Amino acid sequence: MRGLVVGLALLAAACAGGPSAVTEAAPDNPFVASRGTAPAPPSTAAARGAAPPEGVGPGGIDFGAWRSADPATYGPAFQAAMQARFRGQDRAAARADLERNGFSCSDAGGVLQCRIEIMAQSCARDWYVAFEPGTAAPRAGFDVMCLGAAS
């Protein structure tokens with residue numbers, strides 16, 4: 001409790017000093033000239049991508065019963081399936097295969113990363129496959145993050 005009081009007192013003292021020289025010297029809108037290079041996030045769930053099918057998709061990857069899957073068991077099983085499918089395979093062929101199965105891929109910094117990201121039942125679901133230089137098999141996984149108490 002004492003630490004909280006001291007922290008609040010320090011914060012109040014810092015704010016009482018008025019605007020800093022950094023903010024006084026900054027233009028009205030510092031982002032007009034230099035906005036950076038990161039792309040904006042998708043604005044809707046539809047822009048993020050379509051949900052893969054349960055079971056085998058048209059591209060041949062078996063996504064299983066992912067809607068009711070426990071990520072702690074589904075994730076390692078998905079990784080094992082992706083490692084078996086792509087072990088030793090040419091990266092260009094692996095990328096084409098993943099894109100046929102609904103993944104969006106990017107190849108930057110020597111790492112090929114492919115993902116499917118969706119929102120379903122108040123939960124974000126993410127399948128990923130990453131090929132790093134010098135490795136025979138990709139890393140892969142499945143993550144779920146839910147809003148509130150939904151699961």
Side-chain angles (χ1 to χ4, degrees), residues 1 3-4 6-8 10-11 14-15 20 22-23 25-151:
M1 180 69 176
L4 178 62
V6 170
L8 289 174
L10 290 172
L11 180 62
C15 291
S20 70
V22 174
T23 56
D28 290 341
N29 187 354
F31 299 109
V32 173
S34 177
R35 295 185 64 188
T37 59
S43 59
T44 65
R48 294 177 68 106
E54 287 201 308
V56 179
I61 288 181
D62 186 352
F63 288 95
W66 61 265
R67 292 182 196 279
S68 60
D70 175 10
T73 55
Y74 180 89
F78 179 73
Q79 175 164 296
M82 294 301 96
Q83 288 179 338
R85 186 178 184 101
F86 297 116
R87 183 175 309 281
Q89 191 176 71
D90 173 70
R91 284 170 55 142
R95 179 179 184 154
D97 185 356
L98 287 163
E99 288 175 341
R100 274 192 306 275
N101 282 279
F103 285 81
S104 295
C105 298
S106 67
D107 199 345
V111 178
L112 172 62
Q113 296 183 27
C114 299
R115 296 189 115 71
I116 295 176
E117 297 174 312
I118 64 161
M119 283 295 291
Q121 303 165 353
S122 300
C123 295
R125 288 175 167 79
D126 178 28
W127 291 260
Y128 63 89
V129 182
F131 298 84
E132 297 173 337
T135 59
R139 285 183 300 108
F142 174 74
D143 294 318
V144 177
M145 288 180 61
C146 297
L147 303 172
S151 58

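The model shown is predicted, which means the values in this text are computed figures rather than measured ones.
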### Message
Between D126 (side chain only) and R115 (backbone N and O only), is there a donor and an acceptor less than 3.5 Å apart?
### Response
no
#### Entry: Separation of R85 CZ from D97 CG (nearest 0.5 Å)
4.0 Å
#### Entry: Non-hydrogen side-chain atoms of F63 and I116 separated by less than 4.5 Å
yes
#### Entry: Gap between atom OH of Y128 and atom CD of Q113 - 0.5 Å precision
10.5 Å
### Query
Backbone N or O of E54 within a donor-acceptor pair of the R67 side chain at under 3.5 Å?
no
### Task
May I ask you to decide if the ring planes of F103 and F78 are parallel, tilted or perpendicular, using 30° and 60° as cut-offs?
parallel
### Message
I need the minimum non-hydrogen distance between A137 and R87, along with the two atoms involved.
### Response
CB-NH1, 3.3 Å
### Query
Are the side chain of Q79 and the backbone N or O of R139 linked by a donor-acceptor pair below 3.5 Å?
no
### Query
Which atoms form the tightest heavy-atom contact between Q89 and A94, and what is the distance?
OE1-CA, 3.3 Å
### Task
Look at the side chain of W66 and the backbone N and O of P52, then say whether any donor-acceptor pair between them is shorter than 3.5 Å.
yes
### Query
Where do G60 and N101 come nearest, in terms of heavy atoms and distance?
N-OD1, 3.3 Å
### Between CE on residue M119 and CD on residue Q121, distance to nearest 0.5 Å
10.5 Å
### Query
Do you know which two heavy atoms are closest between V111 and R91, and how far apart they sit?
C-NH2, 3.7 Å
#### Entry: Minimum side-chain heavy-atom gap F131-L98 below 4.5 Å
yes
#### Entry: Criterion side chain to side chain contact (heavy atoms under 4.5 Å, CB included) on R100 and I61, from CA distance to verdict
CA-CA 9 Å; R100 274 192 306 275; I61 288 181; over 6 Å; no
### Task
Taking the side chain as every heavy atom from C-beta outward, state whether Q83 and P138 have any atom pair closer than 4.5 Å.
yes
### Query
If you look at every heavy atom in P58 and P53, which pair is closest and at what distance?
CD-CG, 4.3 Å
### Query
Does any N or O in the side chain of R95 come within less than 3.5 Å of the main-chain N or O of C105, such that one atom is a donor and the other an acceptor?
yes
